[in-house]
S.K.: 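Here you go, one structure.
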Amino acid sequence: MRYQKPKGTADITPAESRKWQFVEQKAAEVFGTYDFQEIRTPIFESYDVFERSSGESSDVVSKEMYDFFDKGERHIALRPEGTAGVVRAYVENKLFGPEYVKPYKVYYHGPMFRYERPQSGRQRQFHQIGVEAFGASSPALDVEIIAMAEELLHQLQLHDLKLEINSLGDAATRQAYHEALVNYLTPLQDQLSADSQRRLTTNPLRILDSKDAHDQELVADAPSILDYLTPDSAAHFAAVKAGLAALGIDYTVNQTMVRGLDYYTDTIFEIMVSAPAFNNTEMTVIAGGRYDGLVQEFGGPDEPGIGFGIGLERLLLLLDETKLGLAAPGLDFYLVKAGDNLDSTALQILNAIRHAGFRADQDYLDRKVKGQFKNATRLNSRFVITLGDSELASGQVPVKDLASGEQVSVSLSAIQTDFNKVYQDLMQQFGGKA
RNA sequence: GCGGUAUUGGUGAAGUGGUUAACACACCGGUUUGUGGCACCGGCACACGUGGGUUCGAUCCCCACAUACCGCCCCA
């Protein structure tokens with residue numbers, strides 16, 4: 001093989017892109033009902049944008065970022081996630097200004113880049129759909145964001161979802177809890193797995209969701225972050241739970257759920273699905289939460305924010321194509337040419353059909369008539385128009401309904417002058433099923 | 001970054017250290033000089049991921065690299 005795509009990338013061919021378009025369109029629809037609008041930000045940003053938002057301790061920044069210096073010696077990074085760029089744009093464009101209604105609600109979708117070891121549903125160039133809402137700290141917004149995420153999954157015919165929520169409180173909460181957790185785990189250090197011993201200094205919260213069985217036993221008795229919430233954070237979390245209950249959304253509180261990115265505050269949530277595509281293990285497809293200090297961190301006002309991201313590759317693995325009715329689009333008309341010197345007329349006929357808004361195609365490889373009919377079938381065409389010398393002479397062409405095999409005669413000139421009329425007549429003659 | 005498995009045509013794949021790399025599907029052509037099926041006939045791998053090595057000889061043995069998949073780390 002002469003050329004290969006770079007490791008961890010994928011070509012999305014038409015059979016696949018159909019699913020992508022469907023999901024993107026559904027997301028735009030569902031988000032639109034909550035009055036979210038699309039924002040498009042650059043795929044690369046200043047390296048600092050991501051360093052500032054994610055925190056140096058996170059592997060996403062320290063090890064997994066695609067960064068480089070451009071010809072002007074600017075330190076650039078390919079975006080590893082979507083939130084930082086949107087927050088940067090929010091601040092830079094002063095979208096927090098009084099002329100914009102708050103909360104300011106946007107969604108985005110596009111490629112993200114992380115230098116990781118590829119696995120199922122995980123690539124180096126991967127795609128996310130995400131939403132962000134700025135300028136409102138109401139727990140009702142948290143609830144609606146979560147409801148919106150679930151609604152999208154439902155629209156995609158995904159059920160058996162598992163929603164987990166937790167609260168990380170504010171900065172003071174996290175600092176106090178961080179300390180309490182380290183104090184609890186340090187005496188047990190020798191019993192922790194090697195990975196977790198390392199995490200004790202780098203990222204102790206991560207020990208909470210260690211996959212090691214013994215770690216999990218030790219962590220079971222660890223202090224809970226929920227006990228460290230300030231009264232405000234506790235009230236906020238209670239309101240979120242009440243809101244979810246009011247909407248009949250099932251959830252479980254998982255006090256060991258943490259985040260890889262440093263900017264989250266208060267409510268965080270994940271929606272998980274278990275599926276054969278993931279060896280029946282649970283896989284998070286949507287994750288999000290509040291990030292109340294981030295806008296200020298980027299030089300904007302002290303405004304809250306909340307959002308979530310959807311891992312599209314993972315999501316796509318779960319979709320049942322047949323359930324979604326995503327059949328390949330068929331042709332409306334296929335033009336069979338029987339004879340030579342028909343090209344000009346063929347072009348004119350196809351032109352008329354296409355301009356009327358129908359899908360039409362013809363043979364370009366000089367296939368025999370039989371071969372052309374086979375192609376019409378392969379292309380899932382509804383009708384076949386046959387053009388030959390006798391048709392040219394008579395001014396009438398046969399139009400065949402491939403499903404029934406019935407054939408009717410249509411005027412060549414009518415096709416070229418008013419194809420919509422021709423189509424209506426066809427519909428009537430073939431049973432009126434448009 | 002660590003560990004494991006894999007890599008043969010458009011596809012699914014069989015196979016052996018040695019003159020022509022099974023079989024099936026798909027595709028192309030013919031039997032049928034203008035109508036989609038079936039049947040029959042014929043065609044269809046610069047040769048077996050890339051580069052080295054062992055050997056008289058390697059697709060099959062060894063090494064390295066690349067990529068894919070699985071697990072860990074990390075994460076959506």
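Chain letters run A, B, ... following the sequence lines, proteins first and then strands; every chain starts at 1. Just the heavy atoms: all of them, side chains too, but no hydrogens, waters or symmetry mates, feed the values below.
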S.K.: Closest approach of A:F126 and A:F113, non-hydrogen atoms and distance?
M.R.: CE2-N, 3.9 Å
S.K.: Under 3.5 Å, is there a donor-acceptor pair between the side chain of A:S381 and the main chain of A:Y334?
M.R.: yes
S.K.: Is there a donor-acceptor pair closer than 3.5 Å between any side-chain N or O of A:D212 and the backbone N or O of A:H214?
M.R.: yes
S.K.: Would you mind telling me which of B:A76, B:G34, B:C74 lies closest to the side-chain atoms of A:T284?
M.R.: B:A76
S.K.: Find every protein N or O atom lying less than 3.5 Å from an N or O atom of nucleotides 1-5 of chain B, and list the pairs.
M.R.:
residue: B:C2; atom: N4; partner: A:R117; partner atom: NH1; Å: 2.4
residue: B:G3; atom: O6; partner: A:R117; partner atom: NH2; Å: 3.3

S.K.: Send over the distance from A:L158 CG to B:A76 P, rounded to a whole Å.
M.R.: 19 Å
S.K.: Side chain of A:K370: nearest nucleotide among B:A66, B:C38, B:C75?
M.R.: B:C38
S.K.: Taking only side-chain nitrogens and oxygens of A:R206, does any of them come within less than 4.0 Å of OP1 or OP2 of B:C75?
M.R.: yes
S.K.: Can you tell whether the side chains of A:D363 and A:K337 come within less than 4.0 Å, N to carboxylate O?
M.R.: no
S.K.: Could you go through A:T83 and A:E132, starting from their C-alpha distance and side-chain angles, then the distance that decides it, and tell me whether this counts as side chain to side chain donor-acceptor pair (under 3.5 Å)?
M.R.: CA-CA 7 Å; A:T83 300; A:E132 316 289 350; 2.8 Å; yes
S.K.: Quote, to the nearest angstrom, the P distance that separates B:U35 from B:U50.
M.R.: 46 Å
S.K.: Under 3.5 Å, is there any donor-acceptor pair linking the side chain of A:K400 to the base of B:G36?
M.R.: yes
S.K.: So does A:N183 have more than 12 non-hydrogen atoms from other groups sitting under 6.0 Å from CG?
M.R.: yes
S.K.: Roughly how many Å is it from CG in A:N380 to C1' in B:G36, rounded to a whole number?
M.R.: 13 Å
S.K.: What class does the angle between the rings of A:H75 and A:F69 fall in, given that below 30° is parallel, 30 to 60° is tilted and above 60° is perpendicular?
M.R.: parallel
S.K.: Please list, pair by pair, any protein nitrogen or oxygen found under 3.5 Å from a nitrogen or oxygen in nucleotides 41-47 of chain B.
M.R.:
none

S.K.: Is A:S193 reaching over with its side chain to a backbone N or O of A:S196, donor-acceptor style, under 3.5 angstrom?
M.R.: yes
S.K.: Using the C1' atom as the point on both nucleotides, what is the distance between B:A58 and B:A24, in whole Å?
M.R.: 28 Å
S.K.: Want to settle it: does A:S404 or A:P118 sit nearer the 5' end of RNA chain B, counting the closest nucleotide to each?
M.R.: A:S404
S.K.: Out of B:U35, B:C72, B:C74, which has the shortest distance to the side chain of A:E64?
M.R.: B:C74
S.K.: Using a 3.5 Å distance criterion without hydrogens, assess whether the side chain of A:S210 forms a donor-acceptor pair with backbone atoms of A:D215.
M.R.: no
S.K.: Going by the angle between their ring planes, with limits at 30° and 60°, are A:Y264 and A:Y291 parallel, tilted or perpendicular?
M.R.: perpendicular
S.K.: For A:D170 and A:S233, work out which heavy atoms get closest and say how close.
M.R.: N-OG, 3.7 Å
S.K.: How long is the line joining CG of A:D363 and C1' of B:U35, in whole Å?
M.R.: 14 Å
S.K.: What closest approach, in Å, do A:A287 and A:T284 show between heavy atoms, and which atom pair accounts for it?
M.R.: CB-CG2, 4.1 Å
S.K.: Mind checking the CE-CG spacing from A:M257 to A:L208? Nearest 0.5 Å is all I need.
M.R.: 11.5 Å
S.K.: Atom pairs, N/O to N/O, protein against nucleotides 28-30 of chain B, distance under 3.5 Å?
M.R.:
residue: B:G30; atom: OP1; partner: A:K368; partner atom: NZ; Å: 2.1

S.K.: Using whole Å, report how far CD of A:E164 lies from P of B:A76.
M.R.: 14 Å
S.K.: Using whole Å, what does the distance between atom C1' of nucleotide B:C72 and atom CG of A:D209 come to?
M.R.: 14 Å
S.K.: Counting the atoms with a prime plus P, OP1 and OP2 as sugar-phosphate, which does A:A376 contact under 4.0 Å by heavy atoms, base, sugar-phosphate, or nothing?
M.R.: nothing
S.K.: Tell me whether the NZ or CZ atom of A:R124 lies within the 45° cone about the ring axis of A:Y115 and under 6.0 Å from its centre.
M.R.: yes
S.K.: Check the distance between B:C74's C1' and A:R124's CZ and give it to me in whole angstrom.
M.R.: 13 Å
S.K.: In sequence, state the C-alpha distance, the side-chain angles, and the governing distance for A:F383 and A:F358, and then conclude on ring pair (Phe, Tyr, Trp, His ring centres under 6.0 Å).
M.R.: CA-CA 11 Å; A:F383 298 108; A:F358 297 97; 9.2 Å; no
S.K.: Can you name the nearest heavy-atom pair linking A:M65 to A:P80, along with the distance?
M.R.: SD-CG, 3.6 Å
S.K.: Mind checking the C1' distance from B:A39 to B:U20? Whole angstroms is fine.
M.R.: 29 Å
S.K.: Would you indicate which nucleotide in B:G36, B:C75, B:U35 comes nearest to any side-chain atom of A:Q407?
M.R.: B:U35
S.K.: Just to be sure I follow the notation: if a pair is Watson-Crick (purine N1 to pyrimidine N3 plus N6-O4 or O6-N4) or a G-U wobble (N1-O2 and O6-N3), each under 3.5 Å, what dot-bracket string does RNA chain B give, with | for pairs to another strand?
M.R.: (((((((..(((.....[....))).(((((.......))))).....(((((..]....))))))))))))....
S.K.: Check every strand shown and say whether A:G339 touches a base, only sugar-phosphate, or nothing at a heavy-atom separation below 4.0 Å.
M.R.: nothing
S.K.: Output a table of nitrogen or oxygen pairs between the protein and nucleotides 10-12 of chain B separated by less than 3.5 Å.
M.R.:
none

S.K.: For A:F126 and B:C74, what is the distance between atoms CZ and P respectively, to the nearest whole Å?
M.R.: 17 Å
S.K.: Judged by each residue's nearest nucleotide on RNA chain B, which is more toward the 5′ side, A:I286 or A:G388?
M.R.: A:G388
S.K.: How far, in whole Å, is B:G15 from B:C48 if one measures between their C1' atoms?
M.R.: 11 Å
S.K.: Using the C1' atom as the point on both nucleotides, what is the distance between B:C63 and B:G1, in whole Å?
M.R.: 23 Å
S.K.: Between B:A21 and B:U54, how far apart are the P atoms? Round to whole Å, please.
M.R.: 26 Å
S.K.: With sequence neighbours left out, what residues match A:R122 under salt bridge (charged side-chain N to carboxylate O under 4.0 Å, His left out)?
M.R.: A:E116
S.K.: Could you tell me how far apart A:Y263 (OH) and B:C75 (P) are, to the nearest whole angstrom?
M.R.: 12 Å
S.K.: A:G8 near the nucleic acid: base, sugar-phosphate alone, or nothing, with a heavy-atom cut-off under 4.0 Å?
M.R.: sugar-phosphate
S.K.: At what distance, to the nearest 0.5 angstrom, does CD1 of A:I286 lie from CE of A:M272?
M.R.: 11.5 Å
S.K.: Write down the distance separating the P atoms in B:C62 and B:U7, rounded off to the nearest Å.
M.R.: 13 Å
S.K.: Is the closest basic N to carboxylate O distance between A:R354 and A:D361 below 4.0 Å?
M.R.: yes
S.K.: How far does the P atom of B:G37 sit from the matching atom of B:C28, given to the nearest Å?
M.R.: 11 Å
